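Below is one structure; the comments refer to it alone.
Values reported hereafter were calculated over all heavy atoms of this structure, with side chains retained and with hydrogens, waters and symmetry mates removed. Quick caveat: nothing in here was measured; it's all calculated off a predicted structure.
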Amino acid sequence: MAMSPDRRLSLVLGGGGVAGVAWHIGVLVGLFEGGVDLSVADHLVGTSAGSTVAAQIAGGLTLTEMFARQVDTATLATELKPTVSIAELWAQMAPIYAESADDAERRRRLCRLALDADTVDEAVRRRVIAARLEGLDWTDDRVSVVAVEASTGERRVFDRSSGVDVVDAVAASCAVPGIWPPVTIGGARYVDGGIWSLTNTDLATGCGQVVVLAPLADEVLPVELAGLGAGVLSAVITPDAASLAAFGTNVLDPLVREPSARAGLAQGRAEAGRLGPLLAD
């Protein structure tokens with residue numbers, strides 16, 4: 001693959017529930033142990049689960065601290081277990097995907113599902129996200145957090161210049177339709193950025209190197225990567241068989257955090273040998 005002279009690195013972290021948060025962190029720690037430190041990336045694109053991880057990295061938490069919060073009972077942040085199962089949610093979403101004439105209609109219908117759903121109170125959910133971020137704030141310009149404006153279905157990218165609290169931005173990016181409440185920001189309501197794209201890799205522009213961690217399969221990812229340009233060196237890590245097994249049948253179940261983090265750790269260690277030379281070229 002052609003190498004761009006631009007050595008700046010963009011780290012793209014995709015959606016995947018609490019399993020995805022844990023897996024992201026495990027992979028990053030495993031890569032770090034193998035000599036590949038992606039936490040120093042020049043740009044971080046976070047969608048849904050990935051927004052939590054991007055905000056933690058940029059907020060100053062070390063990878064070791066982040067991993068401990070997934071596996072150590074003394075530091076585990078409190079998570080809510082959804083009252084709606086993944087199977088029940090998919091039963092609501094499947095007709096939307098099957099019947100929508102185009103992506104814009106699909107997004108509008110998913111947003112309507114989110115707005116109409118009976119969920120926990122918005123303030124209750126916000127406290128969960130605040131606990132994940134431990135009082136962190138936007139500390140630099142590296143982070144882009146992706147959400148979707150519920151009334152229009154249009155994408156919104158939050159960063160330090162947006163004038164929005166990082167907790168609200170991450171809560172919006174993680175507001176899974178039908179599971180968690182839309183998040184109110186500046187009079188508008190926002191839902192999970194994953195309904196636009198599970199990784200939003202097209203936002204990783206301006207960097208010659210792009211690494212994508214994608215906990216969930218995303219059919220538009222190859223298109224987004226291609227759109228970055230022929231000179232961009234890219235690498236994608238998706239869950240291996242052990243990681244998928246650790247995710248179980250519900251990526252939103254808090255009980256999958258530790259096994260997903262440990263499976264990600266093992267996978268990151270294995271991937272370091274591939275990724276290190278690639279980024280060093």
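Contact annotation: the side chain of Leu9 never approaches that of Cys207 to less than 4.5 Å [non-hydrogen atoms, C-beta and beyond]. Between Arg125 and Val128, the closest side-chain pair of non-hydrogen atoms falls below 4.5 Å. In this structure, Gln70 and Ser260 have side chains that are not in contact, with every pair of non-hydrogen atoms separated by 4.5 Å or more. Contact of the Leu228 side chain with the Ser234 side chain is not registered, since no non-hydrogen atoms from C-beta on lie closer than 4.5 Å. Residues Val170 and Ser173 fail the side-chain proximity criterion, which asks for heavy atoms closer than 4.5 Å. Proximity of Leu133 to Gln56: side-chain heavy atoms (C-beta onward) are separated by under 4.5 Å at one or more points. In this structure the side chain of Val145 reaches within 4.5 angstrom of the side chain of Trp138, judged on heavy atoms. Using a 4.5 Å cut-off on side-chain heavy atoms (C-beta onward), Trp180 and Pro82 make contact.
Two different hydrophobic clusters hold Val18 and Leu28 under the rule that ILVMFWY side chains link at heavy-atom gaps under 4.5 Å. A continuous path of ILVMFWY side-chain contacts below 4.5 Å connects Ile86 to Val120, so both sit in one hydrophobic cluster. Under a hydrophobic clustering in which Ile, Leu, Val, Met, Phe, Trp and Tyr are joined whenever their side-chain heavy atoms come within less than 4.5 Å, directly or via other members, Val124 and Ile179 fall into the same cluster. Put simply, Val220 and Met93 are part of two different groups of oily side chains (I, L, V, M, F, W, Y) that touch within less than 4.5 Å, one to the next. Under the 4.5 Å side-chain contact rule for hydrophobic residues, Leu213 and Leu275 share a cluster.
A distance of 5.0 Å separates CD1 in Ile96 from CG in Leu113, rounded to the nearest 0.5 Å. One distance of note links OG of Ser10 with CG of Asp42; it measures 8.5 Å at 0.5 Å rounding. Distance check: Arg257 CZ to Phe247 CZ gives 14.5 Å after rounding to the nearest 0.5 Å. Distance CG/Leu115 to CZ/Arg189: 6.0 Å, rounded to 0.5 Å. Taking CG of Asp253 as the start and CG of Leu80 as the end, the distance is 12.0 Å to the nearest 0.5 Å. The distance from the CZ atom of Arg108 to the OG atom of Ser151 is 11.5 Å, given to the nearest 0.5 Å.
For the pair Gln267 and Ile237, the tightest heavy-atom approach, listed with the atom from each and the gap, is NE2-CG2, 3.7 Å. Nearest heavy-atom pair across Ile195 and Cys111 is CD1-SG, 3.7 Å. Closest approach of Ser197 to Asp218, counting heavy atoms only: OG-OD2, 3.5 Å. Residue Glu122 comes nearest to Thr184 through the heavy atom pair OE2-N, 2.7 Å, listed as atom of the first residue, atom of the second, then distance. The two residues Gly264 and Ser243 come nearest to each other via the heavy atoms N-OG, 4.0 Å. Contact detail for Thr238 and Trp23: the closest heavy-atom pair is C-CZ2, 3.7 Å.
Residues Arg274 and Glu271 are paired through a salt bridge, judged by an N-O separation under 4.0 Å between the basic side chain and the carboxylate. Looking at Arg132 and Glu79, a side-chain N of the basic residue comes within less than 4.0 Å of a carboxylate O on the acidic one, giving a salt bridge. Salt bridge status for Arg269 with Glu33: present, with a side-chain N to carboxylate O gap under 4.0 Å.
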*side-chain contact (heavy atoms from CB on, under 4.5 Å) evaluation trace for Val211 with Leu279*: CA-CA 9 Å; Val211 176; Leu279 297 178; 4.1 Å; yes

_Run the side-chain contact (heavy atoms from CB on, under 4.5 Å) test on Leu265 and Val71 for me, step by step, so that the C-alpha distance in whole Å, both residues' side-chain angles and the decisive distance to 0.1 Å come before the verdict._
CA-CA 11 Å; Leu265 176 64; Val71 303; over 6 Å; no

*Any chance you could lay out the side-chain contact (heavy atoms from CB on, under 4.5 Å) test for Asp202 and Arg155, step after step, and finish with the verdict?*
CA-CA 12 Å; Asp202 61 303; Arg155 180 166 68 178; 2.8 Å; yes

*List the steps, then state whether side-chain contact (heavy atoms from CB on, under 4.5 Å) holds for Val251 with Val256.*
CA-CA 7 Å; Val251 296; Val256 305; 5.7 Å; no

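Tested against Leu63 for a side-chain contact (heavy atoms from CB on, under 4.5 Å), the candidates Leu31, Val53, Asp37 yield a single pass: Asp37. Across Thr52, Leu44, Thr62, Thr139, a single residue satisfies side-chain contact (heavy atoms from CB on, under 4.5 Å) together with Ile57, and that is Leu44. Under the salt bridge (charged side-chain N to carboxylate O under 4.0 Å, His left out) rule, Arg160 has a single partner from Asp141, Asp137, Asp140, which is Asp141.
With hydrogens and angles ignored, the 3.5 Å screen pairs a side-chain donor or acceptor of His24 with a backbone N or O of Gly14. Judged purely by atom type and a 3.5 angstrom limit, Glu105 uses its side chain to pair as donor or acceptor with the backbone of Ala101. A donor-acceptor pair under 3.5 Å is absent between the side-chain atoms of Thr47 and the main chain of Gly50, judged by distance alone. Between the side chain of Thr75 and the backbone N or O of Ala68 there is at least one donor-acceptor pair closer than 3.5 Å. The main-chain N or O of Ala77 is never found under 3.5 Å from a side-chain atom of Arg69 such that the two would form a donor-acceptor pair. Between the Ser162 side chain and the Val164 main chain, no donor and acceptor come within less than 3.5 Å of each other.
Residue pairs that meet the salt bridge (charged side-chain N to carboxylate O under 4.0 Å, His left out) test with at least one member in residues 164-174, sequence neighbours left out, are Arg126-Asp165, Arg126-Asp168. Applying the side-chain hydrogen bond (donor to acceptor under 3.5 Å, both in side chains) definition to pairs two or more places apart or across chains, those involving residues 91-103 are Glu99-Arg109.
A 6.0 Å sphere centred on CG of Asp116 holds more than 12 heavy atoms belonging to other residues, nucleotides or ligands.
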